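These numbers were taken from a predicted model, which means no experiment stands behind them. Values below: all heavy atoms of this structure, side chains included; hydrogens, waters and symmetry mates excluded.
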Amino acid sequence: MSSSSAARWKLVLGSPADAANEIPMSADYGRMDEVLTQLYDGHEGERKAGLGGSAPKVSRWLGDIRTYFPSSVVAVMQQDAMDRLGLHQLLLEPEIMRTVQPDVHLVGTLMSLSRVMPQKVKHTAHEVVGKVVHELEQKLANPLRQAVQGALSRAVRNPRPRYAEINWAATIRANLKHYQPQYKTVVPEKLIGYGRRGQALKEIVLCVDQSGSMASSVVYAGVFGAVLASIKAVKTHMVVFDTAVANLSENLQDPVDLLFGVQLGGGTDINLALTYCQQLITRPTDTILVLISDLYEGGNEREMIRRAAALKAAGVTVVALLALADDGAPSFDRRVAEKFAALGIPSFACTPGQFPQLMAAAIQGQELKL
């Protein structure tokens, strides 16, 4: 085996694979081995090396991992450092906050720390969260807007629109056969329009479990909620819950403030949340309720199932998302999911990339499955 191959295997297996320190390492490999050792090498639950409580040392380590590893790997290492080394408290230092690689998991951590966050670090924390939210909006906003607006134009037609309500693109497409060459124009036989101006065609209620295990889902839900709120033809509600319920709909114009209004952690009372959402709904057949939860009910499960059945019977399109994240297969209460399925309420995990198609299908009344 070549020396470079041996060095790479040492990086994979850790320092115990070369207890005698006989494998030569280049300067870069040596530094990579050092930062990996500080995070991962240990025995009997104890760390051999670590970052200690020194903010400058943590800052250097965070800088090193960004130098030697790609951003996707950096995000994983930062999350491991939170779990293994207890870096949550050090994140409350502004100099540490400025050196981390912003990602969805970090936003979840900052949300969970918001109640104990000192004033000196709040501005920096908002900047970090704002950067992640902006990146997510850049990636996810247009697909969601296009999917929802396209679904609305197909699902809701007004056969006698006023001038300001005419959907000109759809009208022209529908009347191309009436093109008049001598006048070089289309003479429409029928006009296609949306609903009355200023009237929301659909109402969407995002009912989001804010227990600690749902952190990534809460972040994505906040971003999607803000995008949906920007679509005039849709009225959007954002409700978060644990053992209490909070209506954050007024904060949808600023998703960063919305996320800092979420209090991650605590128990789960889905029945209470559905009861609250039921009171918000005024047009059941035009309403889509998206329950984002792992379905581990800490309240009255029997009443929760009855409440979900009542919403479904009233004509509300109810969807249970077990997770709205890229974190892999979620943990969830399969027994409750099966009871929802028996009611005709689909329950499945959904990646952020799939969410626009989900909303489009729900608006058009299609069968929901991913």
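Judged by distance alone, the side chain of Q210 and the main-chain N or O of V208 form no donor-acceptor pair under 3.5 Å. Using a distance-only test at 3.5 Å, with no hydrogens or angles considered, no donor-acceptor pair links the side chain of K339 to the main chain of I305. Between the E297 side chain and the I270 main chain, a donor and an acceptor come within less than 3.5 Å of each other. Of the possible polar contacts, one joining the H126 side chain to the K122 backbone as a donor-acceptor pair under 3.5 Å is found. Checked by atom type and distance alone, the side chain of T351 never pairs as donor or acceptor with a backbone atom of A325 at under 3.5 Å.
Rounding to the nearest 0.5 Å places CZ of F224 at 6.0 Å from CG of L144. Rounding to the nearest 0.5 Å gives a distance of 8.5 Å between CE of M111 and CG of L258.
Under 3.5 Å, the side chains of N247 and Y276 contain a donor-acceptor pair of N or O atoms. In this model, no donor atom of one side chain and acceptor atom of the other lie less than 3.5 Å apart for E189 and N175.
L248 and I281 fall into different hydrophobic clusters, where Ile, Leu, Val, Met, Phe, Trp and Tyr side chains are chained together by heavy-atom contacts under 4.5 Å.
Between R335 and E338 there is no salt bridge, since no side-chain nitrogen of the basic residue lies less than 4.0 Å from a carboxylate oxygen of the acidic one. Under a 4.0 Å N-O distance rule, the pair E127/K131 does not qualify as a salt bridge.
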